[in-house]
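In what follows, a single structure is set out as structure tokens and then discussed.
Note: hydrogens, waters and symmetry copies are ignored here, and every other heavy atom, side chains too, is used. Chain letters run A, B, ... following the sequence lines, proteins first, then strands; residues in each count from 1.
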2 protein chains.
Amino acid sequence: MNGRFPIALHILTLLSKSGEELTSSDYIAGSININPALARKEISNLRNLGLISSKEGKSGGYTLGKSAKQITLADVYQAVKNQPVLGVAKNTPNPDCPVGKQINKKIDELYIDLDKTLLKKLGSISIEDFANQFD
Amino acid sequence: MNGRFPIALHILTLLSKSGEELTSSDYIAGSININPALARKEISNLRNLGLISSKEGKSGGYTLGKSAKQITLADVYQAVKNQPVLGVAKNTPNPDCPVGKQINKKIDELYIDLDKTLLKKLGSISIEDFANQFD
DNA sequence: CTTTACTGTAATATTTATTATTACAGATGA
DNA sequence: TCATCTGTAATAATAAATATTACAGTAAAG
């Protein structure tokens, strides 16, 4: 797993705190303490999904794309998700083994079930909720 | 995230299917289709946790360390877990930023909460349940 | 008691994934 | 027309996961 979820959450928390005011990618990268190009890349992703709005040019920057109350951690999770949370093995199990032949399908089904559980929990927490924890 | 969870699950499913009969690491590695040394490494971990029993020497091999009914997917998850499922960023957030200063703590708390949710779900599924899905 | 077939484990190489860096085109306001 | 931003791609550096090799130790079987 990579660090995209915590980084996206950090970005959205900052924007939630800033309200209507535009925040620059340099400020965001400085708070997270990562490379600005990397921050802009994640911002770009979140913008494509409508979670962030941007303004180009001088005095440009970012705001949330919708209210902090409307964005949940499930949205963040889905925005950055690449692989099932419990991991995927890169092997191809032996098709001549009764277990090997079917296990990938069974694991897929399990993962769908787990995802539902996780999404339900994450969907119950908004960015507003999360950001309100900060002083 | 790595592929240890599906691999451990595969191993335990095979042993559940074999019952009292000893299964060799080569057979296990062959079913998963990974390197035998890698399979033995994971087996070794599961054995240290009591999920697997082993017998050395000629005609040695492995069986489950307790009944398939007593092992849940929560045990498997905890056996292979290294990092929080939603990932950890490697940056150290800016301590001069109100959000940066506190976010790691808040993320930790969130992750503990998510883990509880996940463990509850995983704890409701036994290896027996999982293995029974196979022909 | 020696061969054979296993487990147990470490050391190392290879491959893949993640993150950082650099660079620059395009937009907009001053 | 300059300064300050976003947007994005290409590439380099680093870190993590996986594969491979090797061999010591143990127990059964002849």
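Counting to the nearest Å, the C1' atom of C/dT16 and the CG atom of A/Asn82 are 13 Å from each other. Distance CG (B/Asn45) to C1' (C/dG8): 14 Å, rounded to an integer number of Å. Look at CG on B/Asn48: it is 16 Å from P on C/dT7, rounded to the nearest Å. Rounded to whole Å, atom C1' of C/dA20 lies 12 Å from atom CG of A/Asn33. In this entry the distance linking CZ of A/Arg40 with C1' of C/dT19 reads 15 Å, nearest Å. In this structure, B/Ile28 atom CD1 and C/dT7 atom C1' are separated by 11 Å, rounded to whole Å. The nearest whole Å value for the distance from the CD atom in B/Glu56 to the C1' atom in C/dC6 is 9 Å.
As judged by a 4.0 angstrom heavy-atom cut-off over every strand, A/Arg47 is placed among residues touching the sugar-phosphate backbone only. Residue contacts shown for A/Asn2 are limited to sugar-phosphate atoms, with no base heavy atom under 4.0 Å away.
In this structure, A/Phe134 and A/Thr13 approach most closely via the heavy-atom pair CE1-CG2, 3.8 Å. Heavy-atom minimum distance, A/Ala79 versus A/Arg4: O-NH2, 3.7 Å. Taking all atoms of both residues into account, the shortest heavy-atom contact from B/Cys97 to A/Ser31 is SG-OG, 3.1 Å.
Projected onto DNA chain C by closest heavy-atom contact, A/Gly3 and B/Ser44 fall at different nucleotides, the more 5' of which corresponds to B/Ser44. Positionally, the nearest nucleotide of DNA chain C for A/Lys90 lies more toward the 5' end than for the other of A/Lys90 and B/Asn91.
Applying the salt bridge (charged side-chain N to carboxylate O under 4.0 Å, His left out) test to every pair with at least one member in residues 45-66 of chain A, sequence neighbours left out, gives no pairs at all.
Of all nucleotides in DNA chain D, those with any atom nearer than 4.0 Å to a heavy atom of chain A start and finish, going 5' to 3', at D/dA3 to D/dT18.
Looking only at side-chain heavy atoms (C-beta outward), B/Leu12 and B/Asp75 stay at 4.5 Å or farther from each other.
More than 12 heavy atoms of other shown residues, nucleotides or ligands fall within 6.0 angstrom of atom NZ in A/Lys17.
Of all nucleotides listed (C/dA20, C/dT4, C/dA27), C/dT4 comes nearest to the side chain of B/Lys58.
Between B/Ser24 and the phosphate of C/dC6, there is no side-chain N or O to OP1/OP2 separation shorter than 4.0 Å. Between B/Tyr27 and C/dA5 there is no side-chain N or O to OP1 or OP2 distance below 4.0 Å.
From A/Ile11, atom CD1 reaches atom OG of A/Ser16 across 13.5 Å, with rounding to the nearest 0.5 Å.
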